[in-house]
> 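Here you go, one structure.
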Amino acid sequence: DQQVKQNSPSLSVQEGRISILNCDYTNSMFDYFLWYKKYPAEGPTFLISISSIKDKNEDGRFTVFLNKSAKHLSLHIVPSQPGDSAVYFCAASALNDMRFGAGTRLTVKP
Amino acid sequence: KAGVTQTPRYLIKTRGQQVTLSCSPISGHRSVSWYQQTPGQGLQFLFEYFSETQRNKGNFPGRFSGRQFSNSRSEMNVSTLELGDSALYLCASSTLLNTEAFFGQGTRLTVV
């Protein structure tokens, strides 16, 4: 059951430009949303999160937007850097339950 | 503070065998969850344990089972292995499941 969907398996952007990664969810019970970054041969690492009571959270170059009515969240990376190249997973959680999307592979070209 | 430790890192098994994977969470974390990662499927939720109790389970067959010990360490067992079980198995620990979770490096299981 794909309760969390990342419909773009890959994204390529130029260094210095904005990267926008999208995520949709179906379960309205989810109340906390997270983004993780994963490099090859490593486990995912937490990047940024947002509670359902907010619609935006910013941390340096990373901003997550939440549109609850559309059940959609997005991660903006500005400016993108080559070191941001990784697989990004969005996750949505409710009590005792955290589900992940399939991931989007971001490639930032120098 | 030590991170999440998963052992072994790599494993090769033959069809029909069973396997046990281990996860030691960050000290003080009582929630341990397990995920299977395969290409194109992302991270699929297997189950979550909190204080030795399984609180939630994903849509996997009964061949996949787990347990958690009193020290919060967790094991995952897969019986009667199938080729399709080849994947990266990740364990994550957190104070509560619906907060930031910390992942281990995973166990790469190959079934031949």
Side-chain angles (χ1 to χ4, degrees), chain A residues 1-11 21-53 57 59 62 64 66 86-106, chain B residues 2-10 21 23-26 29-60 66 68 87-108:
Chain A
D1 60 342
Q2 291 291 310
Q3 296 187 42
V4 179
K5 295 181 181 179
Q6 292 176 258
N7 292 319
S8 298
S10 63
L11 175 67
L21 296 96
N22 293 303
C23 179
D24 297 291
Y25 61 96
T26 57
N27 189 343
S28 58
M29 296 300 292
F30 290 138
D31 58 4
Y32 195 71
F33 305 89
L34 311 92
W35 285 93
Y36 285 82
K37 182 167 71 172
K38 186 180 185 302
Y39 293 115
E42 295 182 13
T45 55
F46 171 76
L47 193 57
I48 192 170
S49 62
I50 188 168
S51 164
S52 61
I53 63 173
N57 188 28
D59 183 4
F62 302 91
V64 56
L66 175 63
V87 177
Y88 289 78
F89 292 98
C90 72
S93 76
L95 185 64
N96 304 339
D97 196 0
M98 182 180 287
R99 305 291 171 137
F100 285 79
T104 296
R105 181 177 300 280
L106 173 65
Chain B
V4 178
T5 303
Q6 290 188 246
T7 57
R9 289 292 311 279
Y10 302 94
L21 312 181
C23 172
S24 294
I26 291 173
H29 285 190
R30 295 166 66 188
S31 171
V32 175
S33 51
W34 289 88
Y35 297 87
Q36 181 195 66
Q37 186 191 5
T38 53
Q41 293 296 316
L43 294 167
Q44 297 200 77
F45 175 72
L46 279 155
F47 26 66
E48 187 258 351
Y49 288 87
F50 186 88
S51 294
E52 303 179 66
T53 300
Q54 186 184 89
R55 297 195 300 186
N56 203 1
K57 190 176 191 303
N59 296 324
F60 278 81
Q68 186 180 34
L88 178 68
Y89 290 88
L90 290 158
C91 150
S93 79
S94 61
T95 51
L96 296 170
L97 179 60
N98 56 340
T99 58
E100 177 188 344
F102 294 84
F103 283 83
Q105 289 186 290
T107 294
R108 172 73 63 185

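Letters A, B, ... are given to chains in the order of the sequence lines, protein chains preceding strands, and every chain is numbered from 1.
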> Is B/Q6 close to chain A through its backbone or its side chain, or both, or neither, when contacts mean heavy atoms under 4.5 Å?
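Contact with chain A is absent: no heavy atom of B/Q6 under 4.5 Å.
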
> Would you call A/F89 and B/Q37 a side-chain contact if the rule is heavy atoms closer than 4.5 Å?
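With C-beta onward as the side chain, the pair touches.
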
> Residues two or more places apart in sequence or in another chain: which of them pass side-chain contact (heavy atoms from CB on, under 4.5 Å) with B/Q54?
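Only B/F47, B/Y49, B/K57 meet the side-chain contact (heavy atoms from CB on, under 4.5 Å) criterion with B/Q54.
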
> For A/L34 versus B/E100, what's the shortest heavy-atom pair and its separation?
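Closest approach of A/L34 to B/E100: CD2-CA, 3.9 Å.
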
> Looking at every non-hydrogen atom in both residues, tell me the closest pair between A/R99 and B/N56 and how far apart they are.
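In terms of heavy atoms, the two residues are closest at NH2-ND2, 4.3 Å.
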
> Considering only heavy atoms, which portion of B/L43 lies under 4.5 Å from any heavy atom of chain A: side chain, backbone, both, or neither?
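Both parts, heavy atoms under 4.5 Å.
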
> In chain order, what residues pass the side-chain contact (heavy atoms from CB on, under 4.5 Å) check against A/T45, with sequence neighbours excluded?
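If we apply the side-chain contact (heavy atoms from CB on, under 4.5 Å) test to A/T45, skipping adjacent residues, the hits are A/K37.
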
> Does B/Y35 form a ring-ring contact (aromatic ring centres under 6.0 Å, His included) with A/Y36? I'd like the steps, not just the answer.
CA-CA 14 Å; B/Y35 297 87; A/Y36 285 82; 8.9 Å; no

> Using non-hydrogen atoms and a 4.5 Å limit, figure out which bit of B/R9 sits close to chain A: side chain, backbone, both or neither.
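Side chain only.
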
> What's the separation between atom OG in B/S33 and atom CZ in A/F100, rounded to the nearest 0.5 Å?
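B/S33 OG to A/F100 CZ: 7.0 Å, rounded to 0.5 Å.
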
> In terms of heavy-atom proximity below 4.5 Å to chain B, should A/P44 be classed as side chain, backbone, both, or neither?
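Backbone plus side chain of A/P44, per the 4.5 Å heavy-atom cut-off to chain B.
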
> Given a strict heavy-atom distance threshold of 4.5 Å, which part of A/F30 is in contact with chain B: side chain, backbone, both, or neither?
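Looking at A/F30, nothing touches chain B.
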
